[in-house]
Amino acid sequence: MRLVLLGPPGSGKGTQATRLKEHLNIAHISTGDLLRAEVAAGTELGKQAKAVMDAGNLVSDDILLGMLESRLGQADVANGFILDGYPRNVAQANALDAVLAKIGQPLDAVVQLDVPSELLVERIAGRAQEQGRADDNPESVRKRLQVYTDQTAPVVDFYAGRGTLARVDGVGELADVEARIQAALKR
Ligand code: AMP
């Protein structure tokens with residue numbers, strides 16, 4: 001199963017991807033986690049990315065594509081993957097198509113987690129308390145939501161236009177949301 005999980009910041013993509021990874025036995029590829037690992041390791045790429053991430057902007061498409069290609073080359077991806085946090089704009093969606101075509105592994109499904117915007121802000125505030133992410137401060141959160149509307153929402157239309165999109169209600173208990181995603185994947 002090769003799956004893209006889409007949704008605004010705070011929609012629960014990361015949490016659901018972690019559950020699906022366990023239950024479907026596929027790799028969870030979070031581009032945010034990959035970037036945070038680069039920042040934590042103090043690599044050149046991490047240094048370049050940190051300020052951009054802290055401000056809530058998107059790191060360059062070139063950096064992301066390089067990271068993604070190398071991650072897709074790792075052994076644990078052979079059984080399938082969940083992409084969480086990629087693609088973030090239409091250029092990345094086209095790049096993903098090209099990469100997957102090159103390795104002969106097209107997507108099986110794209111799932112959009114729908115969560116109303118007032119709930120997103122509340123959830124991110126909760127996460128900020130638990131995890132202390134540098135980009136969970138109010139200004140950066142506002143920016144990330146704006147970037148989502150301007151650049152990532154068109155990706156939803158991109159997949160909807162091809163008929164590969166399933167929309168799932170992302171509000172409710174974690175297990176219920178996961179069951180909705182699993183049901184959508186069987187359709
Ligand atoms: P996330 O954990 O997915 O919310 O990502 C945290 C931050 O990492 C984002 O706000 C961006 O700055 C950066 N990032 C993650 N994925 C991407 C991507 N696909 N393209 C550009 N920047 C990204």
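Counting convention: from 1, in listed order, for ligands and their atoms alike. Computed from a predicted structure; not experimentally measured.
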Without placing hydrogens or testing angles, list every side-chain donor-acceptor pair under 3.5 Å for residues 4-15, not counting sequence neighbours.
| residue | atom | partner | partner atom | Å |
| --- | --- | --- | --- | --- |
| S11 | OG | P8 | O | 2.7 |
| K13 | NZ | G7 | O | 2.9 |

Q. Judged by modelled atom types alone, do E178 and Q182 share a side-chain donor-acceptor pair under 3.5 Å?
A. yes
Q: Report yes or no: does T149 contribute a side-chain atom to a donor-acceptor pair with the main-chain N or O of L145 at less than 3.5 Å?
A: yes
Which atom names give the shortest non-hydrogen contact between [X] and [Y], and what distance separates them?
X: V171; Y: D169; result: N-OD1, 3.0 Å
X: L113; Y: Q16; result: CD1-CG, 4.2 Å
X: K143; Y: A55; result: CG-O, 3.3 Å

(Q) Given a heavy-atom cut-off of 4.0 Å, could you list the residues near ligand 1 in chain and number order? (A) T31, G32, L35, R36, M53, N57, L58, V59, L64, G85, Y86, R88, Q92, R133, D135, R144
